[in-house]
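These notes are about the structure you will find just below.
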Amino acid sequence: MSQARYDPQEIEPRWQALWADEKTWEVDNRPDADSGSSSYVLEMLPYPSGEPHIGHLKVYSVGDAVAHFQRRNGRRVLHPMGYDAFGLPAENHAIKTGQHPRASTEEAIAEFQRQFRRWGISIDWSRELATCDPAYYRWTQWIFNQLLAAGLAYQREAVVKWCPQDQTVLANEQVVDGRCERCGAEVEARQLNQWFLRITDYADRLLDDLETVEWPEHVKTMQRNWIGRSEGAEVVFRCEELGIDYPVFTTRPDTLFGATFFVMAPEHPDVERLAEGSGNEEEVRAYVNRALTEQGAMRESAEREKTGVFLGRHVTNPVNGEEIPVYVADYVLMEYGTGAIMAVPAHDERDYAFAQAFDLPVRRVIEGENPEGDADGLPYTGDGALTASAPEFDGKPNREAFGEIVTWLEDNGKGHASVNYRLRDWLVSRQRYWGCPIPVVHCPQCGTVPVPDEQLPVLLPDIEDYAPKGQSPLAAAEEWVATECPQCGGPARRETDTMDTFVDSSWYFLRYCDALNEGAAWDPAVLREWMPVDQYIGGVEHAILHLLYARFFVKALKDLGHLDADEPFARLFTQGMITRDGAKMSKSRGNVVSPREIVERYGADTARAYILFIGPPDQDADWSDEGLEGVHRFLGRLWRLSAEVAAGPVEGNGSPEADAALRRKTAWAIGKVTADMDRRFAFNTAIAAVMELVNEVSRLRDEAGPSAQREALEAAASICFPFAPHACADAYQLLTGRRVWEEPWPEADLSLLEADTYELVCQVNGKLRDRVSAPSSADDAELEALALAAPNVVAHLDGREPRKVIVVPGKLVNIVV
RNA sequence: GCGGGCGUGGCGGAAUUGGUAGACGCGUCGGCCUUAGGAGCCGGUGGCCUUGGCCGUGGGGGUUCGAGUCCCUCCGCCCGCACCA
């Protein structure tokens, strides 16, 4: 008989064409459908540049397996696709080549789309979107207007982080170790008038609602740390010489009596005023100037020597009336708290280092666990009883004194309980071209005026020169900038900043639900059907930025009445990276695996199944060409056996033992794959189970009958379909004439797994000595008797009397002598 | 420094609640088929000594009839945070 050959290059395009023609993966909106019948599976929005890389192949291999599994289990699955298409790479490319960012972006999108289709991912293409499409960013602008009207978007003059390389300001989240997260250039401080979104209003809800989502614990921890909620008190220190009150934030009001000096940030607006007339002006001015130019990585390091200058003034500690000296030092940050601190060197490491450097007094006010060393053991940051404070507090545990001192402050008008956050408002202005225009007009008469919704979108104009010049290139488009005020009709000028592209990607998952709606961003009733996303999949690199912003948008939009969900993503899965030779793939290393080449050579099924087989998908994994070959051989064997068996008799029995063994293996494999998909994302062990089943068919090819072999291969094709859809659809059709994706997920026949006998493990003193066949119905006593009679057990007992016998029915017997 | 994760054959990795360590795949060795094969099929493969054992899940210690799994401790690697008062 002729050898059927597995030919993915013939099989895969054939099924892809059918799925495209029949729009198999499109799903309609049924707002009345009961929840639970639908499922929203989403991978993070890709940024189209060049062509898809191996990380894309992984995220869609995982997502598509989930989507298929959900569909086969009776759910209507929303699984859409789009592109995060605004952004700097396309713009930088335009500066270099003169090619319009729109043109290069469209080319990249076309290539991404072509390859995604070639991968055979089950996408509802009718909902495809690109964030640079006016039909999309019209609604980005509408959301901005909503936030503006609600007071959640505002403009403010502020010292911001400026990237000299990318020529734009950055959000705090986009600055890592004082460097631009994108390009690595050291950021500078600039005073600019910028647009912010009031994410800090949502700090507590963003924190609390983490409890309600099924996310990896480390991602939740990262978000908690980023929000950085601290409970403490605001305490007022008065400068009697100038008659000004200076509030500070502290998390340790219990150490208030230990404050021996006071420190202000170099950026604090009152520094110069305080130094004036103190005789120290020159030194202070020099220090402040140096600190301000020394922003970035240099300044924000805990290792650094403490520096500072005495301001020549004093403030009064409200609890004991003590006058303490005021310093300016760069270890105090203007952005956090009030930009000034009370320093308690005995109980704070930083204050202690500063006190050492400037020879300032250190007063211990909390007893340590080991009170014998009074000079040593400082700074002491642990708990203990108060001392050297005030008669009414001394001797009390510091946690108790915490509240009592706050109460005293409140009663005496010197302070109050307070909560501070590390989280800052989200700076969304960007001085770049290829982004969503901020829909605002500046009018000399009416001030800042939003462009009315009915005039949206504010279209991004075409320009000649993309090079940034310290302000947005849009500012040069004079005929675009000059406009009329929507309010008074007089001459006015457009806002020339564009939005951070993270704004675009903070709501795309909402648009997918109602992507074709031309009259609104979405219909809230439609969102009720799909939101929140049931399973979100992407890289852990977005643990803070994208995921925090998207959560904020959903909460804000809920408050504005546009949707019901509290959280965008009910479940999150973060996939690990694929490396090669133990290192991240990069062009400079020359260790890049091209998905296109892999698919051309082995087919999409092999590439996808291999990526899932390589190891647990949440872990990093190293690419191996040989491993890929192994999976290719497996798919070939599955397909070839199916073709051979399909061409043979429809029914017939083989030996009863072989038929039973094959049917048992089939039931086992169905159960194993189902459990691995249900329980966790254990695709690697699921695929291994299918391999075992296929190996079993191969082994029993001559002994088992056609019926059992067909059942086994049908099951194999059916449960392997989520990982290798084309080969399995083809094999299933050869065997049954039916479409596997229209079949329900198979159920394992559990009765087949109940065997009459099993292999009983016999141990002596915990060591494996023999195995005997035991009836499933045997009770403990019978099992013990069987084990004691096992030949090798008898040999090892060597006449000794068992002291104790442990029987684990269904497993083993352990005899202790 | 603080927080989290990980450490199993030559390699990637398996191992429900503590119960046969190494499933599955790669590599490798041997065989079959073939004019040939970058095709396919069958079998062996943790280490050490002769069957039978002994030793083996980063090192050391503990709990237990029994530990890769639980506890303590040390070592190594990875990730996140890091002057946030």
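Worth knowing before you read on, the calculation uses all heavy atoms, side chains too, and leaves out hydrogens, waters and symmetry mates. Computed from a predicted structure; not experimentally measured. All chains are named by letter (A, B, ...) in the order of the sequence lines, taking the proteins before the strands, and each is independently numbered beginning at 1.
- With sequence neighbours excluded, the residues satisfying ring pair (Phe, Tyr, Trp, His ring centres under 6.0 Å) with A:Phe358 are A:Tyr327, A:Phe354.
- The aromatic rings of A:Tyr610 and A:Trp623 sit perpendicular to each other, their planes meeting at more than 60°, with 30° as the lower class boundary.
- Between the CG atom of A:Asp254 and the P atom of B:A85 there is a distance of 14 Å, given to the nearest Å.
- The side chain of A:Lys767 places an N or O atom within less than 4.0 Å of a non-bridging phosphate oxygen (OP1 or OP2) of B:C55.
- Dashed line: the shortest gap from a side-chain N or O of A:Arg633 to OP1 or OP2 of B:C24 is not under 4.0 Å.
- Taking atom CG on A:Leu760 and atom C1' on B:U20, their separation rounds to 11 Å, with Å as the unit.
- Between B:G10 and B:G5, the distance separating the two C1' atoms is 26 Å to the nearest Å.
- One finds no side-chain N or O of A:Thr685 lying less than 4.0 angstrom from the OP1 or OP2 phosphate oxygen of B:C24.
- Regarding A:His632, its NE2 atom lies at a distance of 16 Å from the P atom of B:G25, rounded to whole Å.
- Among the heavy atoms of the strands, none lies under 4.0 Å from A:Glu629.
- For B:G43, the glycosidic angle deviates from 0 by more than 90°, giving an anti base.
- Listed nucleotides B:C24, B:C83, B:U20 differ in distance to A:Glu759; the shortest reach to its side chain belongs to B:U20.
- Using a 4.0 Å heavy-atom cutoff across all strands shown, A:Thr251 reaches sugar-phosphate atoms only and no base atom.
- Using a 4.0 Å heavy-atom cutoff across all strands shown, A:Val816 reaches sugar-phosphate atoms only and no base atom.
- Listed pair A:Asn684 / B:A14 meets the phosphate criterion, a side-chain N or O lying under 4.0 Å from OP1 or OP2.
- At whole-Å resolution of the value, CZ in A:Arg699 and P in B:C42 are 8 Å apart.
- Nucleotide B:C24 holds its C1' atom 12 Å from the CG atom of A:Asp676, rounded to whole Å.
- When the shell of 6.0 Å around CD of A:Glu181 is examined, it contains more than 12 heavy atoms from other residues, nucleotides or ligands.
- Within the nucleic acid shown, A:Asn695 comes within 4.0 Å of sugar-phosphate atoms alone, with no base atom in reach, counting heavy atoms only.
- When the P atom is used for both B:A39 and B:G7, the distance is 34 Å, rounded to whole Å.
- The separation of B:C65 from B:C29, taken at their P atoms, amounts to 48 Å, rounded to a whole angstrom.
- Closest heavy-atom contact between A:Ala609 and A:Ile687: O-CD1, 3.6 Å.
- Side-chain contact between A:Tyr758 and A:Ser773 is absent, with no heavy atoms from C-beta onward closer than 4.5 Å.
- If you check every strand for non-hydrogen atoms under 4.0 Å, A:Ile341 touches a base.
- Nucleic acid contact for A:His796: sugar-phosphate only, since backbone atoms but no base atoms lie under 4.0 Å from a heavy atom of the residue.
- For the C1' atoms, the distance from B:G12 to B:G62 is 33 Å, rounded to whole Å.
- Using a 4.0 Å cut-off, no side-chain N or O of A:Arg422 falls inside it from OP1 or OP2 of B:C83.
- Counting only heavy atoms from C-beta outward, the side chains of A:Arg608 and A:Phe723 never approach each other to under 4.5 Å.
- Aromatic ring pairs are classed by plane angle as parallel below 30°, tilted from 30° to 60° and perpendicular above 60°; the pair A:Trp426 and A:Tyr549 is parallel.
- Heavy atoms only, all atoms of each residue included: A:Gly382 and A:Asn398 are closest at O-ND2, 4.5 Å.
- Neither OP1 nor OP2 of B:C2 sits under 4.0 Å from any side-chain N or O of A:Asn225.
- Annotation: B:G13 and B:G60 have their C1' atoms spaced 27 Å apart (nearest Å).
- Across all strands shown, B:G25 pairs with B:C11; the Watson-Crick or G-U wobble distances both stay below 3.5 Å.
- Residue A:Arg680 is classed as a sugar-phosphate contact, given heavy-atom separations below 4.0 Å to backbone atoms only.
- Between the base of B:C65 and the side chain of A:Asn814 there is a donor-acceptor pair shorter than 3.5 Å.
- A:Arg637 comes within 4.0 angstrom of sugar-phosphate atoms only, judged by non-hydrogen atoms across all strands, and of no base.
- In this entry B:A67 has no Watson-Crick or G-U wobble partner, no candidate having both defining distances under 3.5 Å.
- As judged by a 4.0 angstrom heavy-atom cut-off over every strand, A:Gly337 is placed among residues making no nucleic acid contact.
- Within 4.0 Å of A:Arg224, counting heavy atoms only, lies no atom of the nucleic acid at all.
- Pair check for B:G3 finds B:C79; Watson-Crick or G-U wobble, both atom distances under 3.5 Å.
- Side-chain contact, A:Ser230 with A:Asn420: no donor N or O sits under 3.5 Å from an acceptor N or O.
- Between A:Ser698 and B:C42, a side-chain N or O to OP1/OP2 separation shorter than 4.0 Å is present.
- Side-chain proximity of A:Phe249 to B:C83, B:A85, B:A23: nearest is B:A85.
- Along RNA chain B, the nucleotide nearest to A:Val808 and the one nearest to A:Gly615 differ in position, and the one closer to the 5' end is contacted by A:Gly615.
- When each of A:Met222 and A:Asp622 is assigned the nucleotide of RNA chain B with its nearest heavy atom, A:Asp622 is the one assigned upstream, toward the 5' end.
- Taking the P atom of each, B:C75 and B:C24 are spaced 39 Å apart, rounded to whole Å.
- Only the P atoms considered, B:U51 is 33 Å distant from B:C41, to the nearest whole Å.
- Across all strands shown, B:U51 forms no Watson-Crick or G-U wobble pair with both distances under 3.5 Å.
- Taking every heavy atom of both residues into account, A:Thr338 and A:Val248 meet most closely at OG1-CA, 3.5 Å.
- Checking B:G25, B:A14, B:C83 against the side-chain heavy atoms of A:Pro616 singles out B:A14 as nearest.
- The same atom, C1', is picked in B:U20 and in B:G66; the two are 12 Å apart, to the nearest Å.
- Atoms CD1 (A:Ile687) and C1' (B:G13) sit 13 Å apart, rounded to a whole Å.
- Rounding to whole angstrom units, CE of residue A:Met334 and P of B:A85 are separated by 16 Å.
- Residue contacts for A:Asn420: at a heavy-atom cut-off of 4.0 Å it reaches no nucleic acid atom on any strand shown.
- Using a 4.0 Å heavy-atom cutoff across all strands shown, A:Glu349 reaches no nucleic acid atom at all.
- Following rounding to the nearest Å, A:Ile815 (CD1) and B:G19 (P) show an atom-to-atom distance of 20 Å.
- Using Watson-Crick or G-U wobble geometry with both donor-acceptor distances under 3.5 Å, B:C32 finds its partner in B:G40.
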